[in-house]
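Order of listing sets the numbers, starting from 1, for every ligand and every atom in it.
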Amino acid sequence: MYSLPSMSGMVALSIDRLELQRPSRTRLLKIAANARKEANACNSNSSPVTPSIDRRELLAGAIAGGASLASSVDSHALADPIGLPSFKHCHRATISDDINRRCCPPQPKRATIDFKPDSGPMRVRPAAHLVDKDYIAKYNEAYAKMRALSRGDPRSLRHQAKVHCAYCNYGYRQEGAPKQTLQIHFNWLFLPWHRWYLYFGDPGFALPFWSWDQEGGRYIPDMFRRETALYDAKRNTSHYEPTRVDLIYSLGSDKKSDEQIREDKLSVMYNNVAKVKQPDAFFGYPLRKGSSSINGPGGVERAPHNAVHIFCGSPDEHNNEDMGNFYSAGRDPLFYCHHGNVDRMWDVWRSLGNKDFTDPDYLNTKFLFFDENQDLVRVKVKDSLNNEKMLKYKYQAMPDDKSWTAYEPKPLKQTPWSGSSYEYRLVKASAENPEALKVEAEPVTITVDQPKGSACDEILVLEDMEIDMRSAISFNAFINLPEANKNTRVSCAEYVGTYSNVPHFMSDIGKGHTEIVNATFSIKANVEILGLKSADKLVVTLVPRGDGSLTFRGASIQYA
Ligand code: C2O
């Protein structure tokens, strides 16, 4: 990245279209069926976490009319592969209620070329807190040059930020489905798209990563605070050292002690990254043609990733710019350093024995990015999976990975499942009251059927969550802890994960600012530690923390 002689910058850009093989319906059905069997391998591809009607239950009974049973996830199993737009058809992106902006890429000067495996040399991306002065000088100079490039140059920082904006603020529609927006967050494209986004640039330079999961990376890296090209004025300056980064930070939540944030970190990393085995729950749900462009982010995306965005953005800015809103996040050089560590999580996860998706719709998804020569390069998801071999970079080894990959949470409460039926009055969902469950200021507790079964992973799915995408809503999820509230520490075996949203505006496509997503939590380890394997119901408590509210239609437990 950032070669000084060639003035290249981190250059990035856009998608064009996907040409995907069409999986046969038979194959998809078979995959779904296999997944429901008690498979041992978690690398079964496609979307095994398909909610089934009989497994859903709300505390107060069935949802009126069963209207919600056609879940957004079900539709995946029958969908065609997604098409992405030619960027000739890029629309203005929606920035806020009354602002639209052009985030579209310039026209390439030459014909599009296909990605060729990187011939090296191997670049080792260093932890940002460990780099020396010379490295920082070089890094800084590269950003200075990117800032100086003209607006129309795809390598400029301005353009770089727009690439992210176009994909996150609905600049694109899906090819062949002009009413379908395109979003590379909230689904399985999140990790590979951002991997490619960071990839192009000076082949002699290795980007730094902000290792927020490590003790050494507990503060926003110092180099970004200096008044250099790495600086960005729109940040939460009260979150510089000595404030430790909170990996489940949410707006308006109470201040935590340094020690609590440190302890939380291990549990957050363990629960949202390390223990997650099933690919949907780690990467996010599949995105296929014609389906809603968002269906549910994976654990790594929601927290730590989203929460760190919110932690960095400025609370004085209208939309929590820059890092705290997708349209503006790419303006802050810190973004790319943050995403280096997000990308590293993919490597760590694989090093734990987990396997990537093998679904051809995923592998053959294509994007377009400008390279350091301003050529537009066609890349495939499948070429990004093996970064060492195909992209010739890897990450500096980090000493603290084990502190969270091998974390062993302890139960907060020593009360085993009693077998009696729990009655919590907090939830009203019945024929008389067909409203979905609302999560607003107070915790919500429900019970969910736990069918007998065992598999590589056990997934708690909160289905059809309706979220106002402009909000920074966040909640922690617990099992077997109905008394959980906003002061409950997450460093316990009852905590199963966090949902956190980064605000962004939706373009005017007739559905307002609301999207429907599923939230998946891997709970196998928690259930075992808590001795709940034979319980026929699990008590699930959601503790909201961010601003805003959400509703959801039901919950189920799936084995995959
Ligand atoms: Cu595309 Cu960190 O977001």
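Ion pairing of Arg155 with Asp371 is absent here, as no side-chain N (NZ or NE/NH1/NH2) approaches a carboxylate O to less than 4.0 Å. A salt bridge is absent between Asp232 and Lys234: the closest approach of a Lys/Arg side-chain nitrogen to an acidic carboxylate oxygen does not fall below 4.0 angstrom.
When the N, O or S atoms of His305 are ranked by distance to atom 2 (Cu) of ligand 1, NE2 comes first.
Classification of the Phe357-Phe283 ring pair by plane angle, with boundaries at 30° and 60°, yields tilted. Using a 30° and 60° split on the angle between ring planes, Phe326 and His185 fall in the parallel class, below 30°. Ring geometry, Tyr139 versus Tyr135: the interplanar angle falls from 30° to 60°, so the pair is classed tilted.
Under a cutoff of 6.0 Å and an axis angle of 45°, Arg225 and Tyr240 form a cation-pi pair.
For atom 1 (Cu) of ligand 1, the tally of protein N/O/S atoms lying closer than 2.8 Å stands at 3.
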